[in-house]
Amino acid sequence: MTREKLSGAEIVVEELKTEGVEVAFGIPGGALLDLYDVLYKDEAIRHILMRHEQCAAHAADGYARVSGKVGVCIATSGPGATNLVTGLTNANMDSSPVVALTGQVPTSVIGTNAFQEASTFTFTMPITKHNFLVKRTSDLPKIIHNAFYIANTGRKGVVLVDLPTDILAGVAEVDLHPKETFVGYKPNIKPNQVQIKRVVEILANAERPLILAGGGVISADAAVELRHLADFLCAPVVTTLMGKGAIPENHPFCLGMAGMHGQLYANRAINECDALLALGTRFSDRTTGWQLDQFAPDATLIHVDIDTAEINKNMQVDIPIVGDVKLALSGILKLLEKKREKKSGSEWEKRIKKMHEACDSCVEDISREGASVSDILIKEISNLLDDDAIVTTEVGQCQMFAAYYYMTKKPRTFISSGGLGTMGFGFPAAIGAKVAAPDKKVVDIAGDGSFLMTCQDMATCVENDIPVVVCIFDNRYLGMIRQFQELFFDKKYSQSDLGITPDFVKLAESFGCYAERVEKPEELKDALNNAFESGKPAVLDMIVGKEDKVLPMIPPGGSITRMIGTERCKHI
Amino acid sequence: MQTHIISLLVEDNPGVLTRMSGMFTMRGINITSLTVSPCEKEGLSRMTVAIEGSESELEMVRKQVSNLIEVVKVVDLKDEEAIIRDLCLLKVHAKDPEARSEVMQLAESYGAKILDAALDSVTLELTEEPKKIDRFVDLMRHFGVKQLFSTGVTAIGIGAGVER
Ligand SMILES: Cc1ncc(C[n+]2csc(CCOP(=O)(O)OP(=O)(O)O)c2C)c(N)n1
Ligand SMILES: [Mg+2]
């Protein structure tokens, strides 16, 4: 600790540097002039000027998911803060560590409807893990440090720090770099050994074990442990949307994503297993279907999660383990290896191999009858990108095509809005991803509707030289809505037709992006190459079938045992 | 539906009450009474929250409240393991002398204090467990209750004083 006399704004920047912050995404405003003045003079932190605060939050979120570090976004008081809300909610729902700094009117006028005042502290309470309204400049070192500590420990999430102008302008003599101090916050990370023993007992004797991997596996960096356990148990792995990348999807034991828009055989495996080890997942209805008694009916349910409040929330389980997934997995492996040899050649293993092949053949063999242009394009993208490439998605059919067909090979390379399902997330998240991993290819799998919600940040990409590639599935529909209307509302396409505007190629070119139209799937390969070769941010306007559908699926309200539209799946 | 009493030890920060009650609101749980007061530890406050809900709702909300950064401890107080008190002030109509003496007699038998007596009303104070207060208030309604104030429940565990 060093004692220094500094302005509030200087303290904030000093503490950000201490937390290892290299980049922040934001937009200045009247309430933040002091902070931006320090950012201008001190070049240690790269500030990326976004074109909308929602995008600043999504970019910080994308950055956090790719780098594993805390993402930082900055917005001014009032409209800046209200614009952040969607982005922060999105990050918090997906347990992504983000710290948001917002400007606020001076403490003397808080509560008076002053110019650009909004009660940020109040309305961000339910959408953050925690938030602070700073009342004294001298509190800043502790608050900034605690904010990062809270965001990045336990179940990760969003922490917002609201900074009144007089606090930023004020001067205080402070001790920088304090240690965190909490009375009540003890992020519980050590799993209980007795529970681990019980789990090992179940897994060692299970005939048909199955692992369901959620986003917690990725955020705990537990992919290696997961693979070891799957190999040792000869247990298949299915994932949630957030869990994509926890295991390479071409691994012989991986059956892909389960749930509403999941793989037929991932869902089958859930029906058939006799022990289900769920890791870092909240059993969202998108994963379980809506008839919970039909979810893994024969299985002993084991649930490992860092958040006590997730245990028995959506699903009653037999054995809960509260704690860090990585620690729990290594604990389980250690005992299991003592207890018995690795067994292979079981009936279950043979069955899984067959399921994996069947799965593969519906996903891989795109020439099979009934494949749509969307199916073919997304598969082609999956084939063309290397294992390290990062894919982000918008929301809608485009997202579910990506979830179904895109073969994710590594953790932190599939970035999607799971909990909130936010249209407009993918593009700014791609910006954050590219900033976190400049050497990797970053592609946003976009819908035309979604892209229009945040496309103004093409300016950010061009101005800051952030060459991400947006692949628009251009169906001129709010496609997912149209699909539901086709299947469940008698083809009454109420307000899902987007008409004919805009011309995405011209739009992108006007921003200075590289752009190309892909009229036929055969043209994709060259177009994608051109996009990467251009070295510029790029937009590919891919014309897809207007009535393409994401299938198979569990109809809303349905059971995981009954998917519709399985015609294209190979049946075994 | 059942009434549950949760006792919380929380950091005494501005906003902690909003954060807490927001948690209940989000889950659609009705708070029937809530008291906040300083406690034996500096910088901490004790909240006693009475809520209505099923056992499983209670379990859920208890865990979610424990997750709040400023919540130090959550104790679920069961009827038989806790002393639960509410303080109630009420002004009862008692115009004719007969009614007045009856009110005073009943008050005495319930252990209520007579704080003030006017020609047409009697003001009473009763500190008791909520059920008894309900019974007393029901009785007083026969005479006519002009005003009723109650502080809300506060509760303490029985025994050595170590909260589970
Ligand atoms: C911000 C927001 N508004 C509305 C929705 C509801 N919604 C879900 S999918 C969808 C359609 C998405 O259309 P598009 O981006 O074109 O993707 P497509 O389904 O056509 O691939 C809508 C409107 C949402 N998820 N997010
Ligand atoms: Mg569309």
Side-chain angles (χ1 to χ4, degrees), chain A residues 89 92-93 95 107 110-111 119-136 139 142-143 146-151 153-162 164 180-188 282 305-317 320 322, chain B residues 4 6-31 34 36-49 51 53-76 162-164:
Chain A
T89 311
N92 203 50
M93 287 274 272
S95 310
T107 47
I110 284 182
S119 183
T120 308
F121 183 59
T122 317
F123 66 67
T124 57
M125 252 180 210
I127 59 151
T128 55
K129 182 172 172 186
H130 195 60
N131 62 2
F132 296 93
L133 170 58
V134 188
K135 296 272 182 62
R136 277 192 310 243
D139 288 344
K142 192 177 92 188
I143 288 180
N146 283 358
F148 278 83
Y149 184 81
I150 293 169
T153 49
R155 180 177 184 165
K156 296 171 187 180
V158 175
V159 181
L160 179 139
V161 184
D162 204 19
E180 64 274 0
T181 41
F182 295 103
V183 204
Y185 180 58
K186 293 172 208 85
N188 185 0
R282 63 195 168 97
D305 204 283
I306 193 136
D307 184 357
T308 333
E310 287 303 338
I311 305 291
N312 292 337
K313 184 177 92 177
N314 294 335
M315 181 74 76
Q316 290 294 318
V317 296
V322 178
Chain B
H4 299 273
I6 303 178
S7 169
L8 301 159
L9 201 58
V10 302
E11 286 187 61
D12 182 17
N13 294 343
V16 64
L17 182 61
T18 315
R19 215 184 283 284
M20 273 280 321
S21 56
M23 208 77 188
F24 292 100
T25 313
M26 216 165 87
R27 294 201 59 87
I29 290 177
N30 190 29
I31 298 179
L34 182 139
V36 193
S37 61
C39 71
E40 70 283 357
K41 295 182 191 109
E42 199 174 326
L44 300 184
S45 304
R46 187 161 273 119
M47 286 189 189
T48 311
V49 193
I51 57 169
S54 66
E55 199 66 49
S56 61
E57 277 175 323
L58 172 81
E59 178 62 13
M60 210 48 254
V61 82
R62 200 181 56 75
K63 287 184 192 162
Q64 286 180 329
V65 166
S66 318
N67 269 354
L68 295 175
I69 309 293
E70 291 155 322
V71 171
V72 180
K73 201 166 189 179
V74 182
V75 182
D76 180 10
V162 197
E163 288 168 343
R164 279 172 309 137

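Order of the sequence lines sets the chain letters (A, B, ...), proteins ahead of strands, with each chain counted from 1.
Atom CG of residue A:L160 and atom CZ of residue A:F121 lie 9.5 Å apart, to the nearest 0.5 angstrom.
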- prompt: Going through the checks in order, is the side chain to side chain contact (heavy atoms under 4.5 Å, CB included) test met by B:L34 and B:L17?
  reply: CA-CA 10 Å; B:L34 182 139; B:L17 182 61; 3.4 Å; yes
* To do: Determine, stepwise, if the pair A:I127 / A:V158 fulfils side chain to side chain contact (heavy atoms under 4.5 Å, CB included).
  => CA-CA 8 Å; A:I127 59 151; A:V158 175; over 6 Å; no
Query - Step-by-step side chain to side chain contact (heavy atoms under 4.5 Å, CB included) determination, B:I51 to B:V61 - result: CA-CA 10 Å; B:I51 57 169; B:V61 82; 4.1 Å; yes
Return one line per donor-acceptor pair between chain B and chain A under 3.5 Å, naming both atoms and the distance rounded to 0.1 Å.
residue	atom	partner	partner atom	Å
B:R19	NH1	A:N131	OD1	2.9
B:R19	NH2	A:N131	O	3.1
B:R19	NH2	A:N131	OD1	2.9
B:K63	NZ	A:I311	O	2.8
B:N67	ND2	A:D307	OD1	2.7

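Side-chain atoms of B:V16 and B:L68, non-hydrogen and from C-beta on, never get closer than 4.5 Å to each other.
Contact of A:L133 with chain B is not made at all, since no heavy-atom distance falls under 4.5 Å.
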